[in-house]
Amino acid sequence: MIKKAVIPAAGFGTRFLPVTKAQPKEMLPIIDTPTIQYVVQECVDSGIEDILIISGKGKRSIEDHFDRNFELESRIQEKEDEALYTQLRHIESMANIHFIRQKELNGLGDAIYHARFHCEHEPFAVLLGDTVIDSVIPVTQQLIDSFEQYRQTVIAVERVPWENVSRYGVVGGVNLSDRILQLNELVEKPGRKQAPSNFAIAGRYILTPEIFRALEKTPRGKGNEIQLTDALRILLKEEGIIATLIEGKRYDIGNKMDFLKTTVEFALKRKEFSVDFEAFLRETIKNIDDQKEK
Ligand code: G1P
């Protein structure tokens with residue numbers, strides 16, 4: 001049973017400046033819901049209600065978002081908007097959320113190391129706060145299923161175009177089944193020639209507490225930061241690690257182009273917008289085509 005999850009959310013969000021200058025990237029809304037709420041919902045949908053968010057400077061609005069706001073609630077109640085009231089109450093009661101601050105930004109590995117007192121006795125899930133995955137079975141649940149079967153550290157991976165491998169942690173291994181690899185290699189942001197495959201780490205993990213000992217031995221790597229991928233490589237010398245090829249679509253909301261695409265796709269999926277929004281998109285494309293013909 002995986003009962004705890006860690007969501008690292010301390011990064012600067014430099015790829016999304018200027019909006020992230022005074023606002024956490026994890027609070028950027030996909031339509032009307034901050035991305036981190038989708039990530040928390042994925043935990044809850046995977047049976048995890050104990051969540052530790054690694055926050056940092058300028059991230060207080062994440063805490064406020066999951067806190068109760070009595071004044072706002074009573075205002076909504078006065079307006080007798082039952083649906084909205086229920087939605088607000090859901091947010092503050094969806095999980096037990098703890099916060100710890102990463103005071104210096106020393107990388108993803110260092111962020112995870114901040115979870116050691118919370119997670120030292122049991123395996124736990126890690127969900128990167130700037131990645132949303134749309135899937136039938138929540139991806140964290142897919143990883144939990146792999147963990148229950150193989151009892152090893154599990155990393156979510158997806159195939160990416162070869163020209164993009166240098167943006168990701170990349171794994172190499174042998175197939176145990178259609179969707180499971182037994183790993184023999186892990187590299188953080190390799191060049192195309194150094195990449196052992198085009199299976200990229202997709203921002204979801206099930207880690208065992210042994211990761212904390214590995215992190216203690218991990219020197220600074222790419223970007224002069226303590227990389228989680230490097231710690232996993234150290235761990236690989238001592239114990240098995242598998243990768244699960246995820247079933248679902250991953251949205252990296254940390255970069256502007258993907259964020260735009262995410263917003264469009266999610267809007268098309270929302271009942272109250274889909275018809276009008278599709279009509280708007282068709283009209284827009286038609287106008288673009290007409291302009292080109294002139
Ligand atoms: C992090 C990880 C990388 C992983 C990626 C997924 O990199 O270090 O291994 O592939 O997330 O989004 P970042 O995007 O924070 O540079």
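As the structure is a computational prediction, the values presented were derived from the model and not from experiment. Order of listing sets the numbers, starting from 1, for every ligand and every atom in it.
For atom 15 (O) of ligand 1, the nearest protein heavy atom lies 4.0 Å away or farther.
In terms of protein heavy atoms, atom 7 (O) of ligand 1 is closest to Lys189 NZ, 3.3 Å. At the shortest separation from atom 12 (O) of ligand 1 among protein heavy atoms lies Arg250 NH1, 3.5 Å. Looking only at heavy atoms of the protein, atom 11 (O) of ligand 1 is closest to Leu128 CD1, 3.2 Å.
We find that Arg213 and Glu238 are not joined by a salt bridge, their nearest charged nitrogen and carboxylate oxygen being 4.0 Å or further apart. For Arg270 and Asp32, the salt-bridge test passes: some basic side-chain N is under 4.0 Å from an acidic carboxylate O.
If you take OG on Ser55 and NE2 on His114, they are separated by 10.0 Å, rounding to the nearest 0.5 Å.
Not one N or O of Arg15 is nearer than 3.5 Å to an N or O of ligand 1, by distance alone. The N/O atoms of Gly169, backbone and side chain alike, include one that comes under 3.5 Å of an N/O atom in ligand 1. The shortest N or O to N or O distance between Glu188 and ligand 1 is below 3.5 Å.
At least one heavy atom of Thr229 sits less than 4.0 Å from an atom of ligand 1.
No side-chain donor-acceptor contact under 3.5 Å links Ser61 and Gln23.
Within the 4.0 Å heavy-atom criterion, neither part of Arg167 lies near ligand 1. With a 4.0 Å heavy-atom cut-off, ligand 1 is reached by no atom of Glu158. Proximity of Ile201 to ligand 1, defined as any heavy-atom pair under 4.0 Å, is shared by backbone and side chain alike.
Within the 3.5 Å criterion, the main-chain N or O of Ile241 finds a donor-acceptor partner in the side chain of Gln152. At least one donor-acceptor pair closer than 3.5 Å links the side chain of Ser74 to the backbone N or O of Glu71.
A cation-pi arrangement is present between Arg116 and Tyr113 under the rule of less than 6.0 angstrom and at most 45 degrees off the ring axis.
Below 30°, between 30° and 60°, or above 60°: for Phe266 and Tyr251 the angle between ring planes is above 60°, a perpendicular geometry.
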